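Accompanying notes for the structure given below.
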Amino acid sequence: MPDNPLYFYKSIEPLEAKQLQKRLREKISLEPLDKPSQLVAGADISFDRGSDLMHAAIVAVDLRDMQPKTLSLVSDRTSFPYIPGLLAFRELPVLWKAWNQLDANPEVLILDGHGLAHPRRMGIATHFGIEIDHPTMGVAKNILTGSHSTLAPEKGASADLMDEGEKVGIALRSRTNVNPVYVSPGHKLSFGDAYALAVRTLTKYKLPQTTRLAHKWANKLRRGEAREGVWKVDDRQLL
DNA sequence: GCGACAG
DNA sequence: ATCTTGTCGC
């Protein structure tokens, strides 16, 4: 796919990648969302163990009923290794394809990983948001950088995730007695927007509905139980 | 120098 | 991320 503007990420060197992050950092916007969201999308990627094949899924969910409406599935190869802090260079090319073929316009895209909660404030959610010039946020299962105070064990408990004296995200107990998730703004939305959307997309599980469904479809694609392409969904059977 | 380190 | 079944605990 030579028309993919992010294709060069696959062959960039780690040192240049780091410098690009420092330059892109200037473009970050934390302006609050202007339109209240109704349609929100979740993105996730599944990998084949011993290969460079990855499978991406972006699922648009209607906040009114929390049900999936449409999804985009794409498989592609990567040649950039996983390096903490440089995750975007490995996953953005395939995500770009999936995003551009999605036949819906979700107000916000929630990515699996960090946004601002990154050593250079350029986690995959922020990076992708700048590339597509669209509101994004990150929800990660583990901390990459920073720390926070102890959280109460009940669902809803939260604390600021701090790094070098600045707030970079929010640790959120998304379910009682379960390790927290880490929420951070990606681009074009505020900390408040990110937090509110993370809470709104929670159901009875640890991860937001958007992320759960994207994860499920990315795995189906990898196992050959679903095909690449864009699909209208009506799948309350896989909730 | 040593350990930490999204997916 | 992925390899993998049952099992302990709220």
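Letters go in sequence order (proteins before strands), and every chain restarts at 1. As the structure is a prediction and not an experimental result, all values here were calculated from the model.
Computed from coordinates, the A:L53 CG to C:dA1 C1' distance equals 14 Å when rounded to whole Å. Going from atom NE2 of A:H55 over to atom C1' of C:dA1 covers 12 Å, rounded to whole Å.
Residues meeting the ring-ring contact (aromatic ring centres under 6.0 Å, His included) test with A:F80, sequence neighbours left out: A:F89. A:H148 pairs by the ring-ring contact (aromatic ring centres under 6.0 Å, His included) definition with A:Y182, not counting sequence neighbours. Every residue two or more places apart in sequence or in another chain was checked for a side-chain hydrogen bond (donor to acceptor under 3.5 Å, both in side chains) with A:E228, and none qualifies. Among residues two or more places apart in sequence or in another chain, the side-chain hydrogen bond (donor to acceptor under 3.5 Å, both in side chains) test is passed with A:Q21 by A:R120. Residues passing the side-chain hydrogen bond (donor to acceptor under 3.5 Å, both in side chains) test with A:K18, sequence neighbours excluded: none. With sequence neighbours left out, A:S37 forms a side-chain hydrogen bond (donor to acceptor under 3.5 Å, both in side chains) with no residue at all.
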In dot-bracket, 5' to 3', how would DNA chain B read with Watson-Crick or G-U wobble pairs under 3.5 Å, [ ] for crossing ones and | for pairs to another strand? .......
For DNA chain C, the expected dot-bracket line (Watson-Crick or G-U under 3.5 Å, [ ] crossing, | inter-strand) is ..........
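Under the 3.5 Å distance criterion, the side-chain polar atoms of A:S184 are left unmatched by any main-chain donor or acceptor of A:G169. Between the side chain of A:K232 and the main chain of A:L71, no donor-acceptor pair closer than 3.5 Å is present. Using a distance-only test at 3.5 Å, with no hydrogens or angles considered, no donor-acceptor pair links the side chain of A:R173 to the main chain of A:S158.
A donor-acceptor contact under 3.5 angstrom links the side chains of A:Q101 and A:S72, judged on distance only.
Salt bridge status for A:K216 with A:D44: absent, with no side-chain N to carboxylate O gap under 4.0 Å.
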Once each nucleotide of nucleotides 2-7 of chain B is scored for protein heavy atoms under 4.0 Å, what B/S/- sequence comes out, 5' to 3'? ---BBB
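Every pair tested for side-chain hydrogen bond (donor to acceptor under 3.5 Å, both in side chains) that includes a residue from residues 81-91 of chain A fails, sequence neighbours excluded, so the list is empty. Each ring pair (Phe, Tyr, Trp, His ring centres under 6.0 Å) pair with one or both residues in residues 19-58 of chain A, not counting sequence neighbours, would appear here, but there are none.
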Scan nucleotides 4-10 of chain C against the protein and return all N/O pairs shorter than 3.5 Å with their distances rounded to 0.1 Å.
from   : atom 1 : to     : atom 2 : distance (Å)
C:dC10 : O3'    : A:N177 : ND2    : 3.2

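Note on A:R175: nothing from the nucleic acid sits closer than 4.0 angstrom, heavy atoms only.
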